[in-house]
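When reading the values below, keep in mind they use all heavy atoms of this one structure, side chains included, and skip hydrogens, waters and symmetry mates. All figures in this text were calculated on a predicted structure; none of them were measured in a lab. For reference, positions follow the sequence shown, starting with 1.
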Amino acid sequence: MAVNGDVLLVDDFSQDSQNNAQDWYRSILDTIIGADQFSIWEIGKELPYSSSDVSANLKYFNKVIWYSAYT
(Lines give C-alpha, C1' and ligand atoms only; values in the text may rest on other atoms or scores of the structure.)
Protein backbone atom coordinates (compact mmCIF):
# COMPACT_ATOMS: atom_id res chain seq x y z
CA MET A 1 0.00 0.00 0.00
CA ALA A 2 1.36 3.41 -0.91
CA VAL A 3 1.77 5.96 1.88
CA ASN A 4 -0.47 9.04 1.51
CA GLY A 5 0.40 11.92 3.81
CA ASP A 6 1.70 11.73 7.35
CA VAL A 7 -1.58 10.66 9.01
CA LEU A 8 -2.70 7.03 9.28
CA LEU A 9 -6.28 6.02 10.05
CA VAL A 10 -6.35 2.47 11.45
CA ASP A 11 -9.73 0.73 11.18
CA ASP A 12 -9.68 -2.01 13.84
CA PHE A 13 -13.48 -2.40 13.97
CA SER A 14 -14.10 -5.70 12.20
CA GLN A 15 -17.77 -5.85 13.24
CA ASP A 16 -18.54 -2.71 11.21
CA SER A 17 -18.94 -4.54 7.91
CA GLN A 18 -20.64 -1.51 6.32
CA ASN A 19 -17.66 0.71 7.29
CA ASN A 20 -19.93 3.34 8.83
CA ALA A 21 -17.32 4.28 11.42
CA GLN A 22 -14.58 4.47 8.79
CA ASP A 23 -16.76 6.68 6.61
CA TRP A 24 -17.31 9.02 9.57
CA TYR A 25 -13.60 9.25 10.39
CA ARG A 26 -12.75 9.72 6.70
CA SER A 27 -15.20 12.60 6.37
CA ILE A 28 -13.64 14.31 9.39
CA LEU A 29 -10.10 13.85 8.04
CA ASP A 30 -11.18 14.98 4.55
CA THR A 31 -12.42 18.19 6.14
CA ILE A 32 -9.41 18.76 8.37
CA ILE A 33 -6.47 17.77 6.15
CA GLY A 34 -8.00 17.21 2.71
CA ALA A 35 -9.17 14.28 0.63
CA ASP A 36 -6.54 11.64 -0.15
CA GLN A 37 -4.03 13.31 2.20
CA PHE A 38 -3.97 10.38 4.65
CA SER A 39 -3.61 6.61 4.57
CA ILE A 40 -6.07 3.98 5.78
CA TRP A 41 -5.17 0.58 7.20
CA GLU A 42 -8.11 -1.77 7.65
CA ILE A 43 -7.01 -4.45 10.13
CA GLY A 44 -9.83 -7.00 9.90
CA LYS A 45 -10.10 -9.67 12.58
CA GLU A 46 -6.47 -9.57 13.75
CA LEU A 47 -3.14 -7.95 12.97
CA PRO A 48 -1.76 -9.82 9.97
CA TYR A 49 1.91 -9.16 10.79
CA SER A 50 4.39 -9.48 13.62
CA SER A 51 4.65 -6.71 16.21
CA SER A 52 7.94 -5.52 14.67
CA ASP A 53 6.22 -5.19 11.27
CA VAL A 54 3.41 -3.17 12.84
CA SER A 55 5.91 -0.86 14.58
CA ALA A 56 7.85 -0.38 11.35
CA ASN A 57 4.66 0.46 9.47
CA LEU A 58 3.56 3.02 12.06
CA LYS A 59 6.91 4.83 11.81
CA TYR A 60 5.96 6.07 8.32
CA PHE A 61 3.43 8.42 9.94
CA ASN A 62 3.59 11.41 12.29
CA LYS A 63 0.02 10.87 13.52
CA VAL A 64 -1.99 7.67 13.94
CA ILE A 65 -5.73 7.56 14.64
CA TRP A 66 -6.62 4.01 15.68
CA TYR A 67 -10.21 3.14 16.46
CA SER A 68 -11.86 -0.13 17.45
CA ALA A 69 -14.96 -1.49 19.12
CA TYR A 70 -15.98 -4.95 20.17
CA THR A 71 -19.08 -6.37 21.79
Of all the heavy-atom pairs spanning [X] and [Y], show the shortest one and how long it is.
{"X": "A2", "Y": "S39", "answer": "O-OG, 4.0 Å"}
{"X": "D36", "Y": "N4", "answer": "O-CB, 4.0 Å"}
{"X": "F38", "Y": "D30", "answer": "CE2-OD1, 3.2 Å"}

In this structure, would [X] and [Y] fall into the same cluster of hydrophobic residues linked by side-chain contacts under 4.5 Å?
{"X": "V64", "Y": "L29", "value": "no"}
{"X": "L9", "Y": "W66", "value": "no"}
{"X": "I33", "Y": "I40", "value": "yes"}
{"X": "I32", "Y": "L8", "value": "no"}

Checking D16 side chain against A21 main chain: does a donor-acceptor pair fall under 3.5 Å?
->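 Yes, the answer is positive, given that a donor and an acceptor are paired below the 3.5 Å cut-off.
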
Once the angle between the rings of F13 and Y67 is folded into 0 to 90°, is it parallel (under 30°), tilted (30 to 60°) or perpendicular (over 60°)?
->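 Plane angle over 60°, so perpendicular.
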
Side chain to side chain contact (heavy atoms under 4.5 Å, CB included) assessment of Q37 paired with D6 | CA-CA 8 Å; Q37 299 300 311; D6 65 348; over 6 Å; no

Donor + acceptor pair across side chains of W41, D11 (<3.5 Å) |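 Side-chain D/A pair, W41 to D11: absent.
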
Candidate pair F61 and V7, rule side chain to side chain contact (heavy atoms under 4.5 Å, CB included), full reasoning = CA-CA 6 Å; F61 303 95; V7 175; 5.8 Å; no

With the side chain counted from C-beta on, respond yes when R26 and N19 share a heavy-atom pair under 4.5 Å apart, and no when they do not.
->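 Of all side-chain heavy-atom pairs linking N19 with R26, none is under 4.5 Å.
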
